[in-house]
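In the text below, chain A, chain B and the rest are named by the order of the sequence lines, each starting its count at 1.
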Number of protein chains: 2
Amino acid sequence: MARLSAAEAVFNVLRTEIESGKLGVGAKLSSEATLAQQYGVSRSVVREALRSCTALGLTVTKTGRGTFVVANRVAKDLVLGQYSARDLTEARPHIEVPAAGLAAERRSAEELSMLREIVAAMSGEDDPEVWVGLDSSFHALIARASRNKVFENVVADIRDALAHQSETLNMVADRQHASDEEHRRILAAIEAGDAATARIAMSQHLHAVGIALDSILNA
Amino acid sequence: MARLSAAEAVFNVLRTEIESGKLGVGAKLSSEATLAQQYGVSRSVVREALRSCTALGLTVTKTGRGTFVVANRVAKDLVLGQYSARDLTEARPHIEVPAAGLAAERRSAEELSMLREIVAAMSGEDDPEVWVGLDSSFHALIARASRNKVFENVVADIRDALAHQSETLNMVADRQHASDEEHRRILAAIEAGDAATARIAMSQHLHAVGIALDSILNA
DNA sequence: AGCGTGAACCTGTCAGACAGCCGGACAGCA
DNA sequence: TGCTGTCCGGCTGTCTGACAGGTTCACGCT
């Protein structure tokens with residue numbers, strides 16, 4: 001392994017802390033001076049490390065206020081173009097349905113309990129913005145539980161794109177309770193380790209969401 | 001537009017010069033001191049801008065020597081984890097099969113003729129490395145012809161990953177002629193605009209390739 | 001020709017300084 | 001009470017100057 005410069009070392013630490021979720025989105029990092037003292041380096045070094053994080057879209061730094069985490073992974077917008085609504089509704093079933101099947105077979109106990117928590121939290125959630133965030137986590141976690149990095153990455157991508165689409169929020173209000181029920185069915189199948197049922201439940205869920213989206217787009 | 005800090009401004013200039021090709025891969029940037037004088041800022045500002053470029057994988061900086069351009073666009077490796085062989089064989093059918101179906105319905109005349117050329121070139125190709133490159137183009141072009149950016153991006157990623165896997169080349173020798181025939185069948189279905197047949201042909205092709213890959217991995 | 005050596009240049013890091021921005025505390029005013 | 005203006009402390013943005021250590025190359029010696 002190549003010897004790292006101090007700046008690279010600090011950058012790696014910060015990046016790891018952000019991507020691992022130890023520093024959640026919205027969290028405020030310590031001040032540059034504090035970090036410098038903490039890691040035993042000068043402020044220049046810390047600043048260069050923070051710049052690297054910012055270049056990757058992980059953080060934003062606001063003059064006079066501090067540095068804040070805005071993403072826990074490198075945004076693909078850096079590399080890839082935006083997806084259209086049609087792209088998403090068309091592609092999602094082909095990816096999320098098999099991912100749900102695999103998740104039923106491969107999910108860990110830990111993932112299962114996280115899924116349960118998410119579904120429970122969504123039932124009692126009124127704020128659409130928060131609900132959308134939970135929904136995103138639900139689908140992303142299923143993809144991760146599929147133990148297939150292709151699915152995991154694509155779903156993360158798709159959820160990112162959805163979160164940036166204004167239509168998403170409009171749709172949520174109507175579909176929220178119906179989706180809660182569909183999510184519960186998906187969860188039940190994954191809990192039971194029943195891949196076929198998980199695929200069917202996910203398929204129906206996406207189909208229902210797709211129809212809801214279509215009716216908004218054509219209105 | 002938000003007012004840019006000096007460091008951001010310098011970073012944008014450098015990034016643009018690199019991505020536009022004005023500074024080609026392998027080119028050496030001016031020294032930090034020179035750049036500082038050139039843009040009328042301090043060396044700290046230049047260093048932070050260079051760090052940003054490095055974080056995006058555009059440049060590398062070598063102590064005592066200088067900073068060099070190593071890529072003219074942000075590398076996908078930054079964003080994507082490595083895929084395992086299992087990840088790929090498992091995920092590909094779910095993505096490339098529907099993509100082939102859409103391609104049959106949506107391909108342009110231009111794409112069609114490019115696909116024909118690729119298939120023709122593969123038939124007469126002996127060099128496995130070149131053949132793999134053509135194969136990659138074939139699949140990537142079909143994904144593009146699907147007119148769905150999700151599929152297009154995922155397939156591009158998958159082909160990238162395959163190209164970096166050593167198993168790929170080993171497999172090619174045995175499968176080359178069989179694959180040529182399968183490619184011709186896929187092409188014929190896309191030419192005919194027959195989505196169902198295109199999906200079947202692609203499915204059979206990937207299945208055959210998957211089996212070939214498995215036999216290598218388990219050897 | 002071969003070799004060693006030092007000067008020149010470059011990056012890596014540090015310390016200190018100052019301006020400008022921001023949020024909150026606080027006092028004064030209606 | 002409730003609003004407002006002011007001030008202070010903390011933070012980022014930038015600059016300057018300095019020194020250590022890596023790299024290159026030409027000069028001069030053998």
Pairwise distance CG(B:Leu141) to CD(B:Glu152) - rounded to 0.5 angstrom | 9.5 Å
Can you find a side-chain donor-acceptor pair between A:Ser123 and A:Arg184 that sits under 3.5 Å?
-> yes
Within residues 23-34 of chain B or reaching into it, pairs that qualify as side chain to side chain donor-acceptor pair (under 3.5 Å) - sequence neighbours excluded = B:Ser31-B:Thr34, B:Glu32-B:Arg43, B:Glu32-B:Arg47
Rounded to the nearest 0.5 Å, what separation is found between the CG atom of B:Asn153 and the CD1 atom of B:Ile95?
-> 11.0 Å
Detail all sub-3.5 Å separations between protein N/O atoms and N/O atoms belonging to nucleotides 5-7 of chain D.
none

Result of checking B:Arg147, B:Lys149, B:Arg106 against A:Glu90 for salt bridge (Lys or Arg N to Asp or Glu O under 4.0 Å) | B:Arg106
Fit a plane to each ring of B:His139 and B:His183, take the angle between them on a 0 to 90° scale, and name the class: parallel (under 30°), tilted (30 to 60°) or perpendicular (over 60°).
-> perpendicular
Could you run down the sub-3.5 Å N/O contacts of the protein with nucleotides 8-13 of chain D?
from, atom 1, to, atom 2, distance (Å)
D:dG10, N2, A:Gly64, O, 3.2
D:dT12, OP2, A:Glu32, N, 3.0
D:dT12, O4', A:Gly64, N, 3.2
D:dG13, OP2, A:Arg47, NH1, 2.8
D:dG13, OP2, A:Arg47, NH2, 3.4
D:dG13, N7, A:Arg43, NH2, 3.4
D:dG13, O6, A:Arg43, NH2, 2.9

Rounded to the nearest 0.5 Å, what separation is found between the NE2 atom of B:His94 and the CZ atom of A:Phe151?
-> 4.5 Å
